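A quick note: this is a predicted structure, and the numbers were derived from the prediction, not measured.
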Amino acid sequence: MTVKDVLSFCGKIVMLPCWAGAVVLLADVLLWPTNSQAKEETWSDIWDGLQSSFALPFDEWDIDTSPQNILEDFMDRWDPDVGMSLVKKGSKYAPVVSAGLKFTPLGYWFAETSFYRYLDKDDQSPWNPDFVYRFGYEDWHPYTLSLVYSNYSGNRSYHDIAEKYNNGSYSLSWGFPVPDLLAAPFLIEPDRKINCSLSMSYSPRYTDENGETQRDQSRLKLTSNAPIYGGWYFSVSFISYLNSSQQQSWDPDYTFEFGWRGEYFSVSYSNYSGNRFPWRKDMSHDGGLGEGSISISWNL
């Protein structure tokens, strides 16, 4: 990534706080309680969330420096999982097994990777990876910022980490809850929250439909994560490409996921294919309800 790439990315993400601030301000004016005390508490929460972003809480490491305690503390920061997916491939669903590992050394700083194995290698397309990876800072608390690098390109060997790093994306996001007045009609359990995030992502390199490498693809994404009941949930994301000509047939207008999460087990249907809004059906795309994948995973 060149200095020009970095400056271009920084210039684009500075608009994110403006978008996020506009969303919060609009919700504050139209939906939140009108008494001044409630507003002061809300703006205080926003400021506290922004201040806590990218924290380095070194004090969370246990002061007991015995070898046994250091080892236990270190092992507690690893989070492995295994899973099985059925991925749509033409007229059938191809079985894929996966194994992932996440390391959280401090606060919400993390690094994680997932490995995939197609039971029938003929089902694996050139762009389907053997492994993917992500790292950065990711905080789930409301009003906090997150910054993550992720690479879901067709990685086949460890050499691809160095050769294809520009095919990954850098994403800056800001999380916020839907105001109670707006969320209440959609909640079965009234004490739950619908959480959203607004993110700007930037990819230095991407491949177009002609197989040629192009530069500087930027996307704005709004995601909403809604609880249904118990561990059941629904998530949807809407994506806007800042340069519409850079959107490929497989790049979606929206994605969605539905499933159930428990402490050690989860099952979900996710659809990240080239979904299009109804008024854009004239565009070539690979989307559709049946184009997603069904996944089962166990957290070890």
Side-chain angles (χ1 to χ4, degrees), residues 9-10 12-61 77 79 102 104-110 112 134-150 170-202 219-240 255-257 261 263:
F9 178 51
C10 291
K12 291 164 183 173
I13 66 176
V14 294
M15 292 302 295
L16 180 62
C18 298
W19 279 87
V23 170
V24 174
L25 181 59
L26 182 62
D28 180 58
V29 172
L30 298 179
L31 301 169
W32 289 343
T34 56
N35 68 81
S36 59
Q37 182 178 358
K39 286 189 176 182
E40 287 175 1
E41 290 175 353
T42 302
W43 288 111
S44 176
D45 291 339
I46 294 174
W47 180 241
D48 290 344
L50 292 173
Q51 283 188 309
S52 69
S53 301
F54 310 115
L56 296 170
F58 292 104
D59 57 344
E60 72 179 22
W61 285 85
R77 298 177 185 278
D79 184 20
K102 182 177 183 178
T104 310
L106 191 66
Y108 296 99
W109 296 91
F110 77 99
E112 67 177 337
R134 303 169 67 238
F135 59 85
Y137 181 90
E138 193 168 50
D139 193 342
W140 57 269
H141 290 91
Y143 309 122
T144 56
L145 294 167
S146 297
L147 181 61
V148 175
Y149 169 84
S150 55
Y170 303 83
S171 178
L172 176 65
S173 61
W174 183 69
F176 57 94
V178 173
D180 293 340
L181 185 61
L182 182 61
F186 302 96
L187 294 172
I188 298 175
E189 299 172 301
D191 59 332
R192 305 287 291 275
K193 292 281 188 183
I194 298 178
N195 292 311
C196 298
S197 66
L198 185 66
S199 65
M200 175 73 81
S201 61
Y202 168 71
R219 302 170 296 280
L220 185 67
K221 181 169 72 172
L222 177 65
T223 300
S224 177
N225 297 294
I228 300 175
Y229 183 79
W232 292 95
Y233 69 93
F234 178 76
S235 176
V236 61
S237 296
F238 301 100
I239 305 164
S240 174
T255 64
F256 58 94
E257 182 175 327
R261 290 193 190 101
E263 185 176 2

Student: Got a second to check how far Y170's OH is from S150's OG, nearest 0.5 Å?
Tutor: 10.0 Å
Student: With sequence neighbours excluded, tell me which residues meet ring pair (Phe, Tyr, Trp, His ring centres under 6.0 Å) with F54.
Tutor: Y137
Student: Look up atom CD1 in I239 and atom NZ in K221, then write down how far apart they are to the nearest 0.5 Å.
Tutor: 5.5 Å
Student: Only counting residues at least two apart or in another chain, list the ones meeting salt bridge (Lys or Arg N to Asp or Glu O under 4.0 Å) with R192.
Tutor: E189
Student: Taking side-chain contact (heavy atoms from CB on, under 4.5 Å) as the criterion, tell me which of S240, S201, S199 meets it with R219.
Tutor: S201
Student: When you measure from the side chain of T223 to the backbone N and O of S237, does any donor-acceptor pair fall under 3.5 Å?
Tutor: no
Student: Determine whether D48 and Y143 make a side-chain contact, defined as any pair of heavy atoms from C-beta on separated by less than 4.5 Å.
Tutor: no
Student: To the nearest 0.5 Å, how far apart are OH in Y108 and OG in S53?
Tutor: 11.0 Å
Student: Do side-chain atoms of T144 reach the backbone of W140 as a donor and acceptor pair under 3.5 angstrom?
Tutor: no
Student: Taking ring pair (Phe, Tyr, Trp, His ring centres under 6.0 Å) as the test, write out the residues that go with F110, two or more places apart.
Tutor: none
Student: Please round to the nearest 0.5 Å and tell me the distance separating atom CD1 of I194 and atom CG of L187.
Tutor: 4.5 Å
Student: Mind jotting down which residue pairs meet the side chain to side chain donor-acceptor pair (under 3.5 Å) criterion with at least one end in residues 225-236? Sequence neighbours excluded, please.
Tutor: N225-S235, Y233-E257
Student: Please list, chain by chain and in numerical order, all residues satisfying ring pair (Phe, Tyr, Trp, His ring centres under 6.0 Å) with F135, sequence neighbours excluded.
Tutor: Y149
Student: In Å and rounded to the nearest 0.5 Å, what is the CD to CH2 distance from E138 to W109?
Tutor: 12.0 Å
Student: List the steps and the verdict of side-chain contact (heavy atoms from CB on, under 4.5 Å) for K193 and D180.
Tutor: CA-CA 8 Å; K193 292 281 188 183; D180 293 340; 2.7 Å; yes
Student: Please give me the minimum heavy-atom distance between D139 and L145, naming the atom from each residue.
Tutor: CB-O, 4.4 Å
Student: List for me each residue that meets side chain to side chain contact (heavy atoms under 4.5 Å, CB included) alongside P105, sequence neighbours excluded, and say none if there are none.
Tutor: F103
Student: Do you know which two heavy atoms are closest between G107 and P57, and how far apart they sit?
Tutor: CA-CG, 3.7 Å
Student: When rounded to the nearest 0.5 angstrom, what distance separates CG in L50 from CH2 in W174?
Tutor: 7.0 Å
